[in-house]
Amino acid sequence: MSDQTRAEQARQKWQQGDLLAAYRADYASVEEQRDALGDRAGELRRAAFARFEEQGFPGRRDEEWRHTNIGVVRSTAYQGHQQPTTLTRDQIEPFLYRGCHNLVVVNGRVAPELSDSLASAGGARVSSLAYLDASLRPLVEERIATAAKFDNHPFVALNTALFRDGLVIDLPKEAVVEMPLHVLNLSAHASPDPQASYPRLLINAEAQSQATIIETYASLDDEPTLTCPVTEAFCAEGAVVRHYKVQKESLSAAHMATLHVEIQRDAQFSSQSISHGGGLVRNDSRAALRGSGSDATLNGLYVVAGDQIVDNHMYVEHEAPNATSHELFKGILSERAQSVFNGRIYVHRSAQKTDAKQTNRNLLLSDRAVANSNPQLEIFADDVRCTHGSTTGHLEEDALFYLRSRGIDADAATSLLTYAFASEFVELVEVEALRDDLQEFLFSRLPGGEIVRQAV
Amino acid sequence: MLEIKDLQVKVNDTEILKGLSLSVKAGEVHAIMGPNGSGKSTLAQVLAGREDYEVTGGSVSFLDDDLLELSAEERAQAGVFLAFQYPVEIPGVSNTYFLKAALNSVLKARGEKQLDAIDFLKLVRERVKVVDLDESLMKRPVNHGFSGGEKKRNEIFHMSVLEPKLAILDETDSGLDIDALRTVAGGVNSLRNEGRAFVLITHYQRLLDYIVPDVVHVMVDGKIVRTGGKELALELEEKGYGFLEGAA
Ligand SMILES: Nc1ncnc2c1ncn2[C@@H]1O[C@H](COP(=O)(O)OP(=O)(O)OP(=O)(O)O)[C@@H](O)[C@H]1O
Ligand SMILES: [Mg+2]
């Protein structure tokens, strides 16, 4: 079957309402549920779902989706309104990070019985969205869906219409939260049917507050899943938010994620995104530098093999003068894996003295792997420094030869150099449990990993 | 120990080595001198097993092996060592651990007992002194951010730990100040014995004041054009390569 007939069939299916019916049923059941978010949420959901019905899923002809085949999402009827799954602490134990405050979300619903205390999270105020703490209601009503707009994004529309729960994390003014907060998003199937979940996270960092927040996505089984999370983060004056995202779902998962951040004067938002799970992964990340002296650091590492597809679509918007942004994305691709890095930087006319740097480096370990890299600089201020660089290639022959000439065999040399390529990113991970987890993954993935483990 | 006969090598379709012969016995030190671009490094890399250099003719035997049949790692395991003219920087891999992995691969291939962490550290401590290498460089990634001189010392340090049978030093003296040159030469001299051979590639007679060679070769345009004793190096220093033009 050609791509075109497949697209045609998918469109017909859409029009006939096959797939849409599944989402409509889900939407109907969400509407029934008592909506904790108040009146505004009902309106939001209606508008978002209408938008989704109208747009459907993007196709290959969509510029923003040109290199990323989301065929699996267009052809699978995922169920959103599944039975709640009950899990034991033992089942989730391997996914928790020591030294962190673990908050567990199962299929998009907060699981307080599996989580560390929501009420006392080391100085942060945390609440489920479905059972929203009354003191956080005004904040949620004011902020939610204001950064992540659904008008132009089908998956944001889908999440906004269909999320049933989620977390709000509020960092009060000048609060310094020492222990990292770990939001563990698990997908668990009660039946083998394809299922969808819509995790929602709202981070509000008030002036001068500081915290580390980790989002992990993992699967407890191999059944087909659509995970469609939306995270919004607001960093007020002088706030420092260190964000991590780890994508390690099963290969049967499609993961279509959105992160939208607004950064005010002298505030810093940094994000390290690690992606090695999921069959199809898309991260749409957008940072708006709203205040002078603000900084956005958005880094990523993707390690993919088999037929995995990973797409990082970055959009950094410099709206204020004297702001800085740094992006470093590194990819390791083997077998037939594909990656997309799209790095858009938009510098407004008023954003003088912008300093923006973007780097994407891809290491291809096979001849069939494909890495697309596409910088997109739109600069309307004249006094700025914007640099971008992109490289895609195989391991350096010189370095391989150097290692082998000292007696290290070819496999081990390849693994050592591959690890070395990733290590620049590994060193950026400041949360120890997370860094250990990433290293273990890398050792397990590399042939002759034992030698690498000893050598680093 | 090393017998090179009529070796011909192409790089990217250009003939670089054009019938080179060289015979090195155990215990000997040979120096190879020659103008830039004459093919000295090419020879060194071919001997160490670089695959993108195409051997189009000739033979190389090392001890009992056909050297050209072995992979780069097998050559190292058999006792060949090349100190690179341009040591490669490897960010992300610590110098100590890299060397430990290398030594243990070599020991394993030779059927000898691998060293545990404690014995390895003892060995490293002892050898690092010989080349006067700052111990902090042991923890850093291999050659990463090392100065030119530190890189060269690090090569000699690797050599002293791996204890090869044949060591080829490609311009290890270039870029060294006089003290470093003495230290490096001292390191080489301390490893000299009747079972081990050295091939020193150099542009400078001054290295040969410290490491006195048994034989000096002059290489021009992919061939050895003159072989003599250590006085040949002095003659070259004085007259330049010009006086050999006719010989090529
Ligand atoms: N990868 C390569 N591709 C093309 N030509 C090469 C390559 N490597 C070496 N050469 C060429 O082969 C020739 C010999 O180079 P080689 O490095 O062996 O010289 P050398 O004698 O070591 O010189 P120097 O004294 O400057 O170190 C030179 O003309 C060089 O340009
Ligand atoms: Mg050379």
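Lettering of chains follows the sequences in order, A, B, ..., and the numbering in each one begins at 1.
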Nearest atoms (heavy-atom pairs only) where Phe401(A) meets Gly49(B): CE1-C, 3.5 Å
Exam field: side chain Glu424(A) to backbone Gly92(B), donor-acceptor pair closer than 3.5 Å: no
Distance-minimising heavy-atom pair for Arg404(A) and Ala76(B): O-CB, 4.1 Å
The interface call for Leu417(A) against chain B, heavy-atom contacts under 4.5 Å, is side chain
Quick check for you: to the nearest 0.5 Å, what is the distance between Asn104(B) atom CG and Ile408(A) atom CD1? 10.0 Å
By a 4.5 Å heavy-atom criterion (distance strictly below it), what part of Asn143(B) contacts chain A: side chain, backbone, both, or neither? side chain
Pick one of side chain, backbone, both or neither for Arg50(B), based on which atoms fall under 4.5 Å of a heavy atom in chain A. both
Do the rings of Tyr402(A) and Phe98(B) sit parallel, tilted or perpendicular, given the 30° and 60° boundaries? parallel
Taking every heavy atom of Val106(B) against every heavy atom of Arg406(A), the minimum-distance pair comes out as CG2-O, 3.9 Å
Checking Pro141(B) against chain A: side chain, backbone, both or neither under 4.5 Å from a heavy atom? neither
For chain B, which candidate among Ser423(A), Ala420(A), Ala399(A), Gly407(A) shows the most heavy-atom pairs at distances under 4.5 Å? Gly407(A)
Just how far is it from atom CD of Glu73(B) to atom CG of Asp411(A), taken to the nearest 0.5 Å? 9.0 Å
Is chain A contacted by the side chain of Gln45(B), its backbone, both, or neither, given a heavy-atom distance below 4.5 Å? both
Could you tell me if the side chain of Ser405(A) sits less than 4.5 Å from the side chain of Phe84(B), heavy atoms only? yes
Engaged part of Ala413(A) at the chain B interface, taking heavy atoms whose separation is under 4.5 Å: neither
